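This report refers to the structure that appears directly beneath it.
Bear in mind that the values here come from a model prediction, so they are computed numbers and not experimental data.
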Amino acid sequence: MTKKKGSLLSYRPDIKVVDATIRDGGLVNDFQFSEDFIRDLYRTNVEAGVDYMEFGYKASKDIFNEREFGPWKFCDEDAIRNIVGDNDTDMKIAVMADVGRCNFKRDIINRADSAIDLVRIATYIHTIPAAIEMIEHCHNLGYETTVNIMAISTAKEAEISEALDLISKSPVNGIYIVDSYGSMFMEQIDELADKYLAMAEEYDKFVGIHAHNNQQLAFANTITALTRGVSYLDATVSGMGRGAGNCASEQLLGFLKNPKYNIIPILKFLEKHIEPLKKSGVVWGYNVPYLLTGQMNQHPRTAIEATKESRTDYLNFLLELNDKD
């Protein structure tokens, strides 16, 4: 059994905070953020001591219509450079590339010519071979890489073991636990973290966590993973993200004891940008339909529709979910 690492009065220098507000939050508003929002979030994260800022997806324009999304669905180099310039800061820049939704050989350029430092490759268990091809390609271009295995709560233990074995033998830098459905409890996080860490430490990888808040456990699950030895922690300002959202930056930075992290810039950003965004009608965060899909370990798409329709017939919604089993 892995022992807990660190204490409430200490900090681990290996901890890295990854801001995913634009990428996961962009799923709420089709990436239609104002330029002021993006510029201010970049400055906020730098001032707050955040280690990585994920700008969005490297989605293929052959698959997704540019007119239907903001620029952070595609993260063209010029769009990122317009915000960060040469990024003369301590914070690194990340993007996510989805297996099957990214023309990575065309759209991901050599690291030496890019403002991007880290490519996070999102995959399901059944697309691991394609993910490894992307890892190797991005690694050869000079990028840091992670692999984010989505919907891990639906995978069988033998599948997880095989996937970790294959990924650990690749040149990937880190492997992420991803609670896509917000269905997992802290005990399950303990078990998965130990499993990931055992494989990762053997091959000199790090482990990260990306949690969703369907059962209001995103923050709890994140710090639970931290205590096991997980070191890369995803968060979003105000928990902004698909459906029930994510671990909130203000919660995480308020918890971490490393003096490099500063919650004050985050609070200012909340006042200036997040509250007006909510008042404009952009919706995310915990509600009963998200709770129920989390409890049922189901994709939140039905809860997203129920939220759009302002449904409050919760019992009928639960019965509909039961019919899907």
* **With sequence neighbours excluded, residues passing ring-ring contact (aromatic ring centres under 6.0 Å, His included) with Phe33** => Phe37
* If you look at every heavy atom in Ala303 and Tyr290, which pair is closest and at what distance? -> CB-CD2, 3.3 Å
* **Partners meeting side-chain contact (heavy atoms from CB on, under 4.5 Å) with Arg81 (sequence neighbours left out)** => Glu77, Asp86, Ala115
* **Ile149 vs Ile167, side chain to side chain contact (heavy atoms under 4.5 Å, CB included): CA-CA, chis, key distance, verdict** => CA-CA 10 Å; Ile149 310 175; Ile167 292 166; 3.6 Å; yes
* In plain terms, say whether Glu35 and Arg39 are close enough for a salt bridge, that is, a side-chain N and a carboxylate O under 4.0 Å apart. => yes
* Asked: In this structure, are over 12 heavy atoms from other groups packed under 6.0 Å from Arg111 atom CZ?
  -> yes
* Just do the side chain to side chain contact (heavy atoms under 4.5 Å, CB included) check on Lys195 and Ser161 with the steps written out, would you? => CA-CA 8 Å; Lys195 189 177 186 70; Ser161 296; 2.6 Å; yes
* Looking at CG of Asn103 and CG of Asp62, how far apart are the two atoms once the value is rounded to the nearest 0.5 Å? -> 6.0 Å
* With sequence neighbours left out, write down each residue that passes salt bridge (Lys or Arg N to Asp or Glu O under 4.0 Å) with Asp107, or none if nothing qualifies. => none
* **Validation row: Phe269, Leu41 side chains within 4.5 angstrom (heavy atoms)** => yes
* To do: Kindly state each residue pair satisfying ring-ring contact (aromatic ring centres under 6.0 Å, His included) with at least one member in residues 138-178, sequence neighbours excluded.
  => none
* Asked: Just how far is it from atom CG of Asp51 to atom CD1 of Ile15, taken to the nearest 0.5 Å?
  -> 9.5 Å
* **Residue list, side-chain contact (heavy atoms from CB on, under 4.5 Å) with Asp90, at least two apart or on another chain** => none
* To do: Taking the side chain as every heavy atom from C-beta outward, state whether Val18 and Arg120 have any pair of such atoms under 4.5 Å apart.
  => yes
* Run the side chain to side chain contact (heavy atoms under 4.5 Å, CB included) check on Val84 and Met53 step by step: do they pass? -> CA-CA 11 Å; Val84 310; Met53 178 173 169; over 6 Å; no
* Structure fact -> In terms of heavy-atom contacts, Ala59 and Phe64 come closest through CB-CD1, 3.7 Å
* Quick check: does any side chain N or O of Asn173 sit under 3.5 Å from a backbone N or O of Thr146, one acting as donor and the other as acceptor? -> no
* To do: Apply side-chain contact (heavy atoms from CB on, under 4.5 Å) to Ala306 and list each qualifying residue two or more places apart in sequence or on a separate chain.
  => Pro289, Arg311, Phe317
* Validation row: Tyr181, Thr154 side chains within 4.5 angstrom (heavy atoms) -> yes
* How about Arg228 and Leu197: do any of their side-chain heavy atoms sit closer than 4.5 Å? -> yes
* Do you know which two heavy atoms are closest between Ile304 and Gly243, and how far apart they sit? -> CG1-CA, 4.3 Å
* Structure fact -> For Tyr52, the ring-ring contact (aromatic ring centres under 6.0 Å, His included) test, sequence neighbours excluded, returns Tyr232
* Asked: Val46, Ile38: one ILVMFWY side-chain cluster at the under-4.5 Å cut-off?
  -> yes
* **SG-CE distance between Cys102 and Met134, expressed to the nearest 0.5 angstrom** => 4.5 Å
* To do: Report the C-alpha separation of Asp36 and Ser34 in whole Å, then their side-chain angles, then the decisive distance to 0.1 Å, and conclude whether the side chain to side chain donor-acceptor pair (under 3.5 Å) test is met.
  => CA-CA 5 Å; Asp36 282 346; Ser34 70; 5.4 Å; no
* Less than 4.5 Å apart, any side-chain heavy atom of Ile152 and any of Val178? -> no
* For the hydrophobic clusters of this structure (ILVMFWY residues joined by side-chain heavy atoms under 4.5 Å, transitively), does one cluster hold both Ile135 and Phe206? -> no
* According to a 4.5 Å side-chain heavy-atom criterion applied to Ile, Leu, Val, Met, Phe, Trp and Tyr, with indirect links allowed, do Val50 and Tyr261 form part of one hydrophobic cluster? -> yes
* **Asn221 CG to Met184 CE distance, which is reported to the nearest 0.5 Å** => 7.5 Å
* To do: Kindly give the heavy-atom pair with the smallest separation between Ile160 and Leu192, and that separation in Å.
  => CD1-CD2, 4.1 Å
* Crowded around Glu309 CD? As in, over 12 foreign heavy atoms under 6.0 Å? -> yes
* Sub-4.5 Å side-chain heavy-atom contact between Leu277 and Trp284 -> yes
* Asked: What's the shortest heavy-atom distance between Ala163 and Ile125, and which atoms?
  -> CB-CD1, 3.7 Å
* Kindly state each residue pair satisfying ring-ring contact (aromatic ring centres under 6.0 Å, His included) with at least one member in residues 79-100, sequence neighbours excluded. => none
* **Counterpart residues, side-chain contact (heavy atoms from CB on, under 4.5 Å), relative to Ile263 (two or more places apart)** => Glu250, Leu267
* Structure fact -> Distance col, row Ser114:OG vs Leu141:CG, nearest 0.5 angstrom, shows 9.5 Å
* Quick one: do Lys16 and Glu144 make a salt bridge, cutoff under 4.0 Å? -> no
* To do: May I ask you to test the Ser249-Asp19 pair for a side-chain heavy-atom distance under 4.5 Å?
  => yes
* **Nearest heavy-atom neighbours spanning Val28 and Val282** => CG1-CG1, 3.3 Å
* Qualifying side chain to side chain donor-acceptor pair (under 3.5 Å) pairs, either residue in residues 66-75, two or more places apart -> Lys61-Glu66
* Asked: Going through the checks in order, is the side chain to side chain contact (heavy atoms under 4.5 Å, CB included) test met by Ile189 and Leu217?
  -> CA-CA 11 Å; Ile189 295 294; Leu217 290 173; over 6 Å; no
* Asked: Looking only at atom types and distance, does a side-chain atom of Ser170 sit under 3.5 Å from a main-chain N or O of Val172, one as donor and one as acceptor?
  -> yes
* To do: Please step through salt bridge (Lys or Arg N to Asp or Glu O under 4.0 Å) for the pair Asp14 and Lys5, ending with a clear verdict.
  => CA-CA 11 Å; Asp14 61 314; Lys5 296 186 178 181; over 6 Å; no
* Whether Tyr42 and Phe55 hold their rings parallel, tilted or perpendicular, with breakpoints at 30° and 60° -> tilted
* **Single-linkage hydrophobic cluster Val17~Ile22, side-chain heavy atoms < 4.5 angstrom** => yes
* **Exceeds 12 heavy-atom contacts within 6.0 angstrom, atom CD1 of Ile63** => yes
* For the pair His210 and His212, name the ring-plane relationship: parallel under 30°, tilted 30 to 60°, perpendicular over 60°. => perpendicular
* **ILVMFWY network linking Ile177 to Met150, side-chain heavy atoms under 4.5 angstrom** => no
* Can you run down the salt bridge (Lys or Arg N to Asp or Glu O under 4.0 Å) pairs that involve residues 266-281, sequence neighbours left out, and say none if there aren't any? => Asp40-Lys272
* To do: Could you list the residues that satisfy side chain to side chain donor-acceptor pair (under 3.5 Å) with Ser168, not counting sequence neighbours?
  => none
* To do: Could you grab the distance from atom CG of Asn45 to atom CD1 of Ile266, nearest 0.5 Å is fine?
  => 5.5 Å
